[in-house]
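Before any comments, here is the structure.
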Amino acid sequence: MADARTDRTAATDPTPRPPALPGYAHVYSGKVRDLYAPLDPASGAPRDDQLLLVASDRLSAFDFILETPVPDKGAVLTQLSLWWFEQLEDLVPNHVVSTDVPAEVAGRAVLVRRLEMLPVECVARAYLTGGGLREYRADGRVSGVLLPEGLVDGSRLPEPVFTPSTKAQQGEHDEPMPYEDVVAAVGERTAERARLLTTRILARGNEIAAERGILIADTKVEFGLDDDAPDGLVLADEVLTPDSSRFWPADQWEPGHTQPSFDKEFVREWLLSPASGWDKASGEAPPPMPGDVLERTRAKYVEAYERLTGRTFTA
Ligand code: Q0Z
(Lines give C-alpha, C1' and ligand atoms only; values in the text may rest on other atoms or scores of the structure.)
Protein backbone atom coordinates (compact mmCIF):
# COMPACT_ATOMS: atom_id res chain seq x y z
CA MET A 1 0.00 0.00 0.00
CA ALA A 2 1.47 3.38 -1.02
CA ASP A 3 2.10 5.80 1.80
CA ALA A 4 1.34 9.44 0.91
CA ARG A 5 4.26 10.55 3.11
CA THR A 6 6.84 8.57 1.16
CA ASP A 7 5.20 7.95 -2.20
CA ARG A 8 6.77 10.57 -4.48
CA THR A 9 4.13 9.92 -7.12
CA ALA A 10 1.31 10.99 -4.77
CA ALA A 11 -0.76 13.90 -6.11
CA THR A 12 0.25 16.00 -3.12
CA ASP A 13 3.96 15.81 -3.96
CA PRO A 14 5.12 19.20 -5.22
CA THR A 15 8.09 17.76 -7.11
CA PRO A 16 7.07 14.56 -8.86
CA ARG A 17 9.89 12.49 -10.27
CA PRO A 18 10.33 13.02 -13.99
CA PRO A 19 9.33 10.03 -16.10
CA ALA A 20 12.02 7.44 -16.71
CA LEU A 21 12.93 7.40 -20.40
CA PRO A 22 14.65 4.27 -21.65
CA GLY A 23 17.87 5.23 -23.43
CA TYR A 24 18.19 8.53 -21.55
CA ALA A 25 19.58 9.59 -18.19
CA HIS A 26 17.72 12.26 -16.25
CA VAL A 27 19.97 15.31 -15.76
CA TYR A 28 17.84 18.06 -14.25
CA SER A 29 14.28 19.25 -13.81
CA GLY A 30 13.03 22.80 -13.79
CA LYS A 31 9.54 23.86 -12.73
CA VAL A 32 7.85 22.70 -15.90
CA ARG A 33 10.53 21.00 -18.01
CA ASP A 34 12.89 18.08 -17.73
CA LEU A 35 16.36 17.62 -19.14
CA TYR A 36 17.89 14.25 -20.13
CA ALA A 37 21.14 13.09 -21.70
CA PRO A 38 20.94 10.42 -24.43
CA LEU A 39 22.84 7.24 -23.54
CA ASP A 40 25.49 6.06 -25.94
CA PRO A 41 24.22 2.66 -27.18
CA ALA A 42 27.72 1.17 -27.26
CA SER A 43 28.98 2.19 -23.81
CA GLY A 44 25.67 2.94 -22.06
CA ALA A 45 27.24 6.17 -20.82
CA PRO A 46 25.46 9.52 -21.12
CA ARG A 47 26.58 11.51 -24.18
CA ASP A 48 28.20 14.83 -23.36
CA ASP A 49 27.33 16.56 -26.65
CA GLN A 50 23.53 16.37 -26.68
CA LEU A 51 20.52 16.90 -24.41
CA LEU A 52 16.84 16.01 -24.64
CA LEU A 53 14.62 18.93 -23.59
CA VAL A 54 11.20 17.72 -22.51
CA ALA A 55 8.31 20.12 -21.92
CA SER A 56 5.67 18.87 -19.47
CA ASP A 57 2.02 19.91 -19.29
CA ARG A 58 2.63 21.58 -15.92
CA LEU A 59 1.56 25.20 -15.49
CA SER A 60 2.79 27.71 -12.97
CA ALA A 61 0.66 30.53 -11.60
CA PHE A 62 1.58 32.93 -8.81
CA ASP A 63 4.80 30.94 -8.37
CA PHE A 64 2.99 27.66 -7.73
CA ILE A 65 2.99 24.64 -9.97
CA LEU A 66 -0.68 23.82 -10.26
CA GLU A 67 -1.53 20.20 -9.59
CA THR A 68 -3.78 20.00 -12.66
CA PRO A 69 -1.71 19.57 -15.84
CA VAL A 70 -2.92 21.35 -18.99
CA PRO A 71 -3.32 18.72 -21.72
CA ASP A 72 -1.01 19.36 -24.70
CA LYS A 73 0.63 22.45 -23.18
CA GLY A 74 4.10 20.87 -23.48
CA ALA A 75 3.52 19.97 -27.12
CA VAL A 76 2.05 23.37 -28.02
CA LEU A 77 5.02 25.21 -26.50
CA THR A 78 7.56 22.86 -28.07
CA GLN A 79 5.99 23.21 -31.52
CA LEU A 80 5.77 26.99 -31.13
CA SER A 81 9.41 27.23 -30.12
CA LEU A 82 10.46 25.10 -33.12
CA TRP A 83 8.44 27.37 -35.43
CA TRP A 84 10.11 30.49 -33.99
CA PHE A 85 13.57 28.94 -34.41
CA GLU A 86 12.75 28.71 -38.13
CA GLN A 87 11.47 32.30 -38.27
CA LEU A 88 14.70 33.49 -36.62
CA GLU A 89 17.11 31.31 -38.58
CA ASP A 90 18.47 34.23 -40.60
CA LEU A 91 19.20 36.17 -37.39
CA VAL A 92 20.79 33.48 -35.24
CA PRO A 93 21.71 29.78 -35.40
CA ASN A 94 19.93 27.49 -32.91
CA HIS A 95 20.64 24.36 -30.90
CA VAL A 96 18.06 22.03 -32.49
CA VAL A 97 19.39 18.66 -33.67
CA SER A 98 16.27 16.56 -34.18
CA THR A 99 12.63 16.08 -33.24
CA ASP A 100 13.00 12.30 -33.51
CA VAL A 101 12.35 11.51 -29.83
CA PRO A 102 10.91 8.63 -27.74
CA ALA A 103 7.18 7.99 -28.28
CA GLU A 104 6.41 8.82 -24.61
CA VAL A 105 7.46 12.44 -25.24
CA ALA A 106 6.63 12.73 -28.94
CA GLY A 107 5.81 16.31 -29.92
CA ARG A 108 6.97 17.81 -26.65
CA ALA A 109 10.67 17.03 -26.72
CA VAL A 110 13.61 18.17 -28.80
CA LEU A 111 17.09 16.73 -29.10
CA VAL A 112 19.58 19.60 -28.92
CA ARG A 113 23.30 20.30 -29.02
CA ARG A 114 24.70 20.58 -25.55
CA LEU A 115 26.37 23.98 -25.35
CA GLU A 116 28.29 25.97 -22.83
CA MET A 117 25.56 28.37 -21.70
CA LEU A 118 26.08 32.05 -20.96
CA PRO A 119 25.66 32.60 -17.20
CA VAL A 120 23.06 35.31 -17.92
CA GLU A 121 19.32 35.40 -18.52
CA CYS A 122 19.02 37.49 -21.67
CA VAL A 123 15.84 39.52 -21.31
CA ALA A 124 14.47 42.17 -23.66
CA ARG A 125 11.47 44.41 -23.05
CA ALA A 126 9.30 46.02 -25.73
CA TYR A 127 6.57 47.18 -23.33
CA LEU A 128 6.97 48.42 -19.77
CA THR A 129 5.59 46.28 -16.91
CA GLY A 130 6.66 44.14 -13.96
CA GLY A 131 10.23 44.59 -12.77
CA GLY A 132 11.05 46.99 -15.61
CA LEU A 133 8.22 49.30 -14.54
CA ARG A 134 9.50 49.23 -10.93
CA GLU A 135 12.98 50.27 -12.10
CA TYR A 136 11.55 53.04 -14.31
CA ARG A 137 9.49 54.42 -11.42
CA ALA A 138 12.60 54.57 -9.24
CA ASP A 139 14.90 56.49 -11.59
CA GLY A 140 13.44 56.76 -15.09
CA ARG A 141 15.71 53.98 -16.39
CA VAL A 142 15.55 50.26 -17.10
CA SER A 143 18.82 48.40 -16.89
CA GLY A 144 20.63 51.75 -17.08
CA VAL A 145 18.82 52.87 -20.25
CA LEU A 146 17.17 56.30 -19.91
CA LEU A 147 13.52 56.22 -21.07
CA PRO A 148 11.11 59.03 -22.00
CA GLU A 149 9.06 60.59 -19.21
CA GLY A 150 5.40 59.78 -18.61
CA LEU A 151 5.44 56.04 -19.32
CA VAL A 152 2.88 53.88 -17.48
CA ASP A 153 2.20 50.17 -16.94
CA GLY A 154 1.86 48.68 -20.43
CA SER A 155 3.47 51.54 -22.38
CA ARG A 156 5.29 50.58 -25.55
CA LEU A 157 9.00 51.43 -25.40
CA PRO A 158 10.61 53.41 -28.25
CA GLU A 159 12.60 50.25 -29.05
CA PRO A 160 13.29 46.95 -27.25
CA VAL A 161 15.69 47.33 -24.31
CA PHE A 162 18.10 44.64 -23.11
CA THR A 163 17.50 44.03 -19.38
CA PRO A 164 19.66 41.02 -18.45
CA SER A 165 19.18 39.18 -15.17
CA THR A 166 21.10 36.74 -13.05
CA LYS A 167 20.33 33.04 -13.26
CA ALA A 168 18.70 32.38 -9.92
CA GLN A 169 18.76 29.07 -8.10
CA GLN A 170 15.61 26.95 -8.25
CA GLY A 171 12.82 28.65 -6.30
CA GLU A 172 14.57 32.03 -6.24
CA HIS A 173 13.73 34.95 -8.48
CA ASP A 174 16.09 36.28 -11.14
CA GLU A 175 17.54 39.66 -10.26
CA PRO A 176 18.41 42.50 -12.62
CA MET A 177 22.06 42.33 -13.70
CA PRO A 178 23.78 45.56 -14.69
CA TYR A 179 25.11 45.44 -18.26
CA GLU A 180 28.63 46.04 -16.96
CA ASP A 181 28.32 42.82 -14.92
CA VAL A 182 27.40 40.97 -18.13
CA VAL A 183 30.52 42.41 -19.75
CA ALA A 184 32.59 41.31 -16.75
CA ALA A 185 31.10 37.80 -16.95
CA VAL A 186 31.31 37.09 -20.70
CA GLY A 187 33.46 39.83 -22.22
CA GLU A 188 32.59 42.95 -24.20
CA ARG A 189 32.16 41.28 -27.59
CA THR A 190 29.86 38.50 -26.39
CA ALA A 191 27.84 40.86 -24.16
CA GLU A 192 27.26 43.24 -27.08
CA ARG A 193 26.29 40.39 -29.39
CA ALA A 194 23.88 38.93 -26.81
CA ARG A 195 22.31 42.38 -26.33
CA LEU A 196 21.89 42.92 -30.06
CA LEU A 197 20.50 39.44 -30.72
CA THR A 198 18.08 39.48 -27.77
CA THR A 199 16.57 42.82 -28.79
CA ARG A 200 16.42 41.77 -32.46
CA ILE A 201 14.66 38.52 -31.56
CA LEU A 202 11.98 40.43 -29.63
CA ALA A 203 11.61 43.03 -32.40
CA ARG A 204 11.22 40.30 -35.06
CA GLY A 205 8.83 38.43 -32.76
CA ASN A 206 6.65 41.50 -32.39
CA GLU A 207 6.67 42.27 -36.13
CA ILE A 208 5.25 38.81 -36.74
CA ALA A 209 2.95 38.61 -33.70
CA ALA A 210 1.38 42.07 -34.17
CA GLU A 211 -0.11 40.98 -37.49
CA ARG A 212 -1.78 38.14 -35.57
CA GLY A 213 -3.28 40.06 -32.66
CA ILE A 214 -0.62 39.30 -30.05
CA LEU A 215 1.83 41.68 -28.38
CA ILE A 216 5.01 40.27 -26.84
CA ALA A 217 5.75 42.56 -23.92
CA ASP A 218 9.06 40.97 -22.99
CA THR A 219 11.00 37.76 -23.39
CA LYS A 220 13.84 35.77 -21.93
CA VAL A 221 16.24 33.84 -24.14
CA GLU A 222 19.33 31.78 -23.49
CA PHE A 223 22.46 31.56 -25.59
CA GLY A 224 25.15 28.91 -25.76
CA LEU A 225 28.68 29.37 -27.00
CA ASP A 226 29.93 27.70 -30.15
CA ASP A 227 33.27 28.55 -31.75
CA ASP A 228 31.87 27.50 -35.14
CA ALA A 229 28.87 29.88 -35.05
CA PRO A 230 29.25 33.14 -37.04
CA ASP A 231 29.33 35.26 -33.91
CA GLY A 232 30.02 32.52 -31.42
CA LEU A 233 26.45 32.54 -30.06
CA VAL A 234 23.73 29.93 -30.57
CA LEU A 235 20.11 30.42 -29.52
CA ALA A 236 19.22 27.63 -27.08
CA ASP A 237 16.40 26.54 -24.78
CA GLU A 238 12.87 27.67 -25.75
CA VAL A 239 12.09 30.86 -27.62
CA LEU A 240 9.13 33.29 -27.66
CA THR A 241 6.72 30.96 -25.87
CA PRO A 242 4.12 32.13 -23.33
CA ASP A 243 6.32 30.54 -20.61
CA SER A 244 9.40 32.58 -21.56
CA SER A 245 7.55 35.75 -22.55
CA ARG A 246 4.56 37.92 -21.67
CA PHE A 247 1.94 37.56 -24.42
CA TRP A 248 -0.87 40.16 -24.38
CA PRO A 249 -4.02 40.20 -26.52
CA ALA A 250 -3.46 43.20 -28.83
CA ASP A 251 -7.15 44.15 -28.95
CA GLN A 252 -7.21 44.63 -25.16
CA TRP A 253 -3.96 46.61 -24.92
CA GLU A 254 -4.61 49.70 -22.84
CA PRO A 255 -1.62 51.31 -21.12
CA GLY A 256 -2.25 52.55 -17.58
CA HIS A 257 -2.97 49.30 -15.79
CA THR A 258 -1.91 45.65 -15.65
CA GLN A 259 -2.60 43.99 -19.01
CA PRO A 260 -4.43 40.65 -19.14
CA SER A 261 -2.18 37.68 -19.84
CA PHE A 262 -2.99 35.95 -23.13
CA ASP A 263 -2.56 32.45 -21.69
CA LYS A 264 -3.11 32.66 -17.92
CA GLU A 265 -5.96 35.14 -17.74
CA PHE A 266 -8.65 32.57 -16.87
CA VAL A 267 -6.64 30.63 -14.34
CA ARG A 268 -5.45 33.78 -12.55
CA GLU A 269 -8.95 35.28 -12.54
CA TRP A 270 -10.36 32.06 -11.07
CA LEU A 271 -7.59 31.72 -8.45
CA LEU A 272 -8.18 35.29 -7.22
CA SER A 273 -11.98 34.92 -7.19
CA PRO A 274 -13.94 33.61 -4.19
CA ALA A 275 -14.89 30.60 -6.35
CA SER A 276 -11.43 29.07 -5.92
CA GLY A 277 -11.54 29.35 -2.12
CA TRP A 278 -7.80 30.11 -2.29
CA ASP A 279 -6.05 32.91 -0.46
CA LYS A 280 -2.95 34.05 -2.36
CA ALA A 281 -1.47 35.40 0.88
CA SER A 282 -1.88 32.09 2.72
CA GLY A 283 1.23 30.56 1.18
CA GLU A 284 -0.74 27.37 0.63
CA ALA A 285 -0.88 25.49 -2.65
CA PRO A 286 -3.80 26.45 -4.92
CA PRO A 287 -6.68 23.97 -5.29
CA PRO A 288 -7.13 21.86 -8.45
CA MET A 289 -8.52 23.75 -11.46
CA PRO A 290 -12.16 23.16 -12.39
CA GLY A 291 -12.79 21.60 -15.80
CA ASP A 292 -14.02 24.77 -17.52
CA VAL A 293 -11.01 26.83 -16.40
CA LEU A 294 -8.71 24.01 -17.52
CA GLU A 295 -10.38 23.74 -20.93
CA ARG A 296 -10.35 27.50 -21.52
CA THR A 297 -6.68 27.68 -20.50
CA ARG A 298 -5.73 24.84 -22.83
CA ALA A 299 -7.64 26.62 -25.63
CA LYS A 300 -5.58 29.82 -25.10
CA TYR A 301 -2.28 27.94 -25.59
CA VAL A 302 -3.63 26.33 -28.75
CA GLU A 303 -4.99 29.70 -29.93
CA ALA A 304 -1.61 31.40 -29.44
CA TYR A 305 0.07 28.64 -31.47
CA GLU A 306 -2.52 28.71 -34.24
CA ARG A 307 -2.66 32.50 -34.53
CA LEU A 308 1.11 32.92 -34.59
CA THR A 309 1.99 30.05 -36.89
CA GLY A 310 -1.14 29.99 -39.05
CA ARG A 311 -1.07 26.21 -38.58
CA THR A 312 -3.68 23.95 -36.98
CA PHE A 313 -2.46 22.32 -33.78
CA THR A 314 -2.69 18.54 -33.87
CA ALA A 315 -1.62 16.59 -30.79
C1 Q0Z B 1 18.88 24.48 -20.78
C2 Q0Z B 1 16.27 23.84 -18.91
C3 Q0Z B 1 15.23 22.06 -17.69
C4 Q0Z B 1 14.77 22.31 -19.97
C5 Q0Z B 1 20.48 23.85 -19.44
N6 Q0Z B 1 21.49 23.41 -25.56
C7 Q0Z B 1 21.75 23.40 -24.21
N8 Q0Z B 1 22.99 23.10 -23.78
C9 Q0Z B 1 23.26 23.08 -22.47
N10 Q0Z B 1 22.37 23.34 -21.54
C11 Q0Z B 1 21.10 23.69 -21.87
C12 Q0Z B 1 20.76 23.70 -23.25
CL13 Q0Z B 1 19.21 24.12 -23.80
C14 Q0Z B 1 20.17 24.00 -20.78
N15 Q0Z B 1 18.47 24.58 -19.50
C16 Q0Z B 1 17.17 25.04 -19.02
C17 Q0Z B 1 16.09 23.17 -17.73
C18 Q0Z B 1 14.57 21.64 -18.78
C19 Q0Z B 1 15.61 23.40 -20.03
F20 Q0Z B 1 15.05 21.37 -16.57
N21 Q0Z B 1 19.42 24.21 -18.68
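Whatever order the structure lists them in is the order used to number ligands and atoms, beginning at 1. Here the structure is a predicted model, which means the values were calculated and not measured.
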Is Ser29 near ligand 1, meaning one of its heavy atoms is under 4.0 Å from it? yes
Which of the atoms in ligand 1, numbered in the order shown and given with their element, are less than 4.0 Å from a heavy-atom of Leu53? 4 (C), 13 (Cl)
When the aromatic ring centroids of Trp253 and Tyr127 are compared, is their separation below 6.0 Å? yes
Which of the numbered atoms in ligand 1 are under 4.0 angstrom from any heavy atom belonging to Tyr28? 3 (C), 17 (C), 20 (F)
Under the 3.5 angstrom rule, does the side chain of Gln252 hit a backbone N or O of Gln259 as a donor-acceptor pair? no
Donor-acceptor contact present, side-chain Tyr179 to main-chain Glu192, <3.5 Å: yes
Counting non-hydrogen protein atoms only, what is the nearest one to atom 15 (N) of ligand 1? Give residue, atom name and distance. Asp237 OD1, 3.9 Å
Return yes if a side-chain donor-acceptor contact under 3.5 Å exists between Thr163 and Ser143, otherwise no. no
Starting from atom 18 (C) of ligand 1, what is the nearest protein heavy atom, named by residue and atom, and what distance separates them? Arg33 CB, 3.4 Å
Heavy-atom nearest option to atom 11 (C) of ligand 1, drawn from Leu51, Val97, Val27, Asp49: Leu51
Assess whether a salt bridge exists between Asp218 and Arg246, defined as any Lys/Arg side-chain N lying under 4.0 Å from an Asp/Glu carboxylate O. yes
Which of the numbered atoms in ligand 1 are under 4.0 angstrom from any heavy atom belonging to Val112? 6 (N)
Could you tell me whether some N/O pair between Leu115 and ligand 1 is separated by less than 3.5 angstrom? yes
Asp34 heavy atoms, cut-off 4.0 Å: which ligand 1 atoms fall inside? 18 (C)
of all protein heavy atoms, closest to atom 14 (C) of ligand 1 is Leu35 CD2, 4.2 Å
Say whether Arg113, considering both its backbone and side-chain N or O atoms, lies within less than 3.5 Å of an N or O atom on ligand 1. yes
Looking only at the side chains, is there a donor atom on one of Thr166 and Asp174 sitting less than 3.5 Å from an acceptor on the other? no
Check: Asp72 and Arg298 side chains under 4.5 Å, non-hydrogen atoms: yes
For ligand 1, which is the ligand I care about here, please tell me if His95 has any N or O atom under 3.5 Å from one of the ligand's N or O atoms. yes
Specify the protein heavy atom at minimum distance from atom 20 (F) of ligand 1: its residue, its atom name, and the distance to 0.1 Å. Gly30 N, 2.9 Å
Arg195 NZ/CZ over Phe162 ring centroid, <6.0 Å and within 45° of normal: no
Using a 3.5 Å distance criterion without hydrogens, assess whether the side chain of Tyr301 forms a donor-acceptor pair with backbone atoms of Asp263. no
Taking 4.0 angstrom as the limit and counting only heavy atoms of Met117, give me the atoms of ligand 1 inside it, by number and element. 7 (C), 8 (N), 9 (C), 10 (N), 11 (C), 12 (C)
